[in-house]
Number of protein chains: 2
Amino acid sequence: MAKDNQVSITVIRRLPKYYRYLTELKEKGISRISSQELSVLTGFTASQIRQDFNNFGGFGQQGYGYNVEDLHRELKKILGLDTNYNAVIVGAGNLGQAIANYKGFEDAGFKVLSLFDRNPKVIGLKIRDIEIRDIETIDSFIKENNVQIGIITTPKESAQSVADIYVQNGIKGIWNFAPTDLVVPDNVVVEHVRLNESLFILSYFLRAMNEQ
Amino acid sequence: MAKDNQVSITVIRRLPKYYRYLTELKEKGISRISSQELSVLTGFTASQIRQDFNNFGGFGQQGYGYNVEDLHRELKKILGLDTNYNAVIVGAGNLGQAIANYKGFEDAGFKVLSLFDRNPKVIGLKIRDIEIRDIETIDSFIKENNVQIGIITTPKESAQSVADIYVQNGIKGIWNFAPTDLVVPDNVVVEHVRLNESLFILSYFLRAMNEQ
DNA sequence: AAAAGAGTGTCAATTTTTTCACATCAGAAT
DNA sequence: ATTCTGATGTGAAAAAATTGACACTCTTTT
């Protein structure tokens, strides 16, 4: 039913959207939902939704649908959101600070312990209660604070060397905002946020729309 | 070769990566590249790369490969990056300010003319030379300044109403950072940056990696 | 308790995407 | 000038993803 033959990335990328709507439904106190109703919310077809969930085992009940709370809990577990993560950010520019400041991540279990930068002007400053430290001190910090996630918000020129630092210190998950690809070992996961590319795609469709 | 039957979204989403590497190659003064070499850089297969380009007409030459400058120019045109766009941002929090501050977008032809917020504490402040204005004044600003792109960096609760304002004022392209879906007319394009979802996917793979 | 209704889980069909394979042509070499 | 090499463009095959259809089972109603 699952686990041995791994689930395709296409399916995985839909999970967060399900999770988001289930969170909303739960907050509204709705206890039951059908694939058809989820289809209306998410825009995916009902059939696809059932297929997706079945990759992880059948969570639904025939004639009833899905129990919102159960499904939410399952997705939470599948997405690995039932644990807490410690993260650090390298690059204490605006973007790094914005991420450090965003309460939403902490609510989801991702805690930013510290920012790092090499600019003496910002070292020592605090964002909320998160201190900006000297990049030279990052090795011991990571080791002493059980950091699992490294965030990169530097310019692209520094991104690979930051990734190297993360890898050397045993970090297995990197969230990269720099517009460049990274070379890391197989057992390290990199998730990119490609702001440039996203903007370019908007541009493409704007152009395509105008040409019709 | 193209234009009538439209190119699939799967292909489109690969274009920015090609464009990024071609920009790098151009900067390095490399004038010629084969699909095989591009494959090494991008991680896509050579065959896929040729197929992708052929959606827009053959840019290459048999026995030679692709001329970097030509291909770069073509992709630039396809992505609509050969024109300049004016943008505004609603939501002058950290994220909005970070985007306003990022020079990279301006270099790519996207100019942020103004930020808008309803918080009196930030109205009147400037990010670089970009003023934060009262959200109440946005209608006339958009009309008077030929704004084509509206960026949303508000909390999710306000996102739809901001989108409505954009649509009412004739904006056809919305870049949404709020973690919510938006309802807009068919002739308006929305591109989402889903930070939460990206982080969740990182979390998924971290979990999956640990369980192996 | 029985019948009706609803909606999942799943198999099969369809569609889309990716990969393969090669004829063809441009450029380089002799 | 001719041959050889290299790499595109493309048609066909393979693989992956999506959609369709329905048997089956659980819930609800009577």
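Below, each value reflects all heavy atoms present in this structure, side chains not excepted, and no hydrogens, waters or symmetry copies. Every chain is numbered from 1 and lettered A, B, ... according to where its sequence line falls, protein lines coming before strand lines.
Side-chain atoms of A/Asn55 and A/Gln51 form no donor-acceptor pair, as typed in the model, at a separation below 3.5 Å. Between the side chains of A/Tyr21 and A/Thr42, not a single donor N or O lies within less than 3.5 Å of an accepting N or O.
Residues from residues 44-53 of chain B with heavy atoms under 4.0 angstrom of DNA chain D, sorted by number: B/Arg50, B/Gln51. Of the residues in residues 34-43 of chain B, not one comes within less than 4.0 Å of DNA chain C through any heavy atom. Non-hydrogen atoms lying under 4.0 Å from DNA chain C are contributed by nothing in residues 21-33 of chain A.
Atom CZ in A/Phe56 sits roughly 17 Å away from atom P in C/dT8 (whole-Å rounding). Going from atom CG of A/Asn67 over to atom P of C/dT8 covers 13 Å, rounded to whole Å. One can place CZ of A/Arg13 at 18 Å from P of D/dA16, the figure rounded to the nearest angstrom. Separating the CD1 atom of A/Ile12 from the C1' atom of D/dA16 is a distance of 15 Å, rounded to the nearest angstrom.
Between B/Phe53 and B/Tyr66, the two ring planes are perpendicular [angle over 60°; tilted spans 30° to 60°].
B/Asp52 meets the side chain to side chain donor-acceptor pair (under 3.5 Å) test with B/Arg14, B/Tyr18; sequence neighbours excluded.
Note on A/Thr10: a side-chain N or O is less than 4.0 Å away from OP1 or OP2 of D/dA17. One finds no side-chain N or O of A/Tyr64 lying less than 4.0 angstrom from the OP1 or OP2 phosphate oxygen of C/dG9. Between D/dC26 and A/Tyr66, no contact under 4.0 Å exists linking OP1 or OP2 to a side-chain N or O.
Annotation for A/Val68 and A/Leu22: closest pair CG1-O, 3.9 Å, computed over non-hydrogen atoms. Across all non-hydrogen atoms, the minimal contact from A/Leu75 to A/Leu15 is CD2-CD2, 4.0 Å.
Among the candidates B/Leu199, B/Ile201, B/Asp181, the single residue satisfying the side-chain contact (heavy atoms from CB on, under 4.5 Å) test with B/Arg194 is B/Asp181.
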Report, one line per pair, each donor and acceptor closer than 3.5 Å where one atom sits in a side chain of residues 89-105 of chain B; sequence neighbours left out.
{"unit_1": "B/Asn94", "atom_1": "OD1", "unit_2": "A/Asn101", "atom_2": "ND2", "d": "3.3"}
{"unit_1": "B/Gln97", "atom_1": "NE2", "unit_2": "B/Ala92", "atom_2": "O", "d": "3.0"}
{"unit_1": "B/Asn101", "atom_1": "ND2", "unit_2": "A/Asn94", "atom_2": "OD1", "d": "3.3"}
{"unit_1": "B/Lys103", "atom_1": "NZ", "unit_2": "B/Asp107", "atom_2": "OD1", "d": "3.4"}

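When distances run from any side-chain atom of B/Asn54 to the nucleotides D/dG9, C/dG9, C/dT17, the shortest one goes to D/dG9. Side-chain atoms of B/Gln62 lie closest to D/dA7 of the nucleotides D/dA7, C/dT18, C/dG9.
Using a cutoff of 4.0 Å between basic side-chain nitrogens and carboxylate oxygens, B/Lys156 and A/Glu24 are not scored as salt-bridged.
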Task: Working for side chain to side chain donor-acceptor pair (under 3.5 Å), residues B/Gln168 and B/Asp164 - done: CA-CA 6 Å; B/Gln168 274 163 34; B/Asp164 293 343; 5.7 Å; no

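Applying the ring pair (Phe, Tyr, Trp, His ring centres under 6.0 Å) test to pairs two or more places apart or on separate chains, those with a residue in residues 184-211 of chain A are A/Phe200-B/Tyr19.
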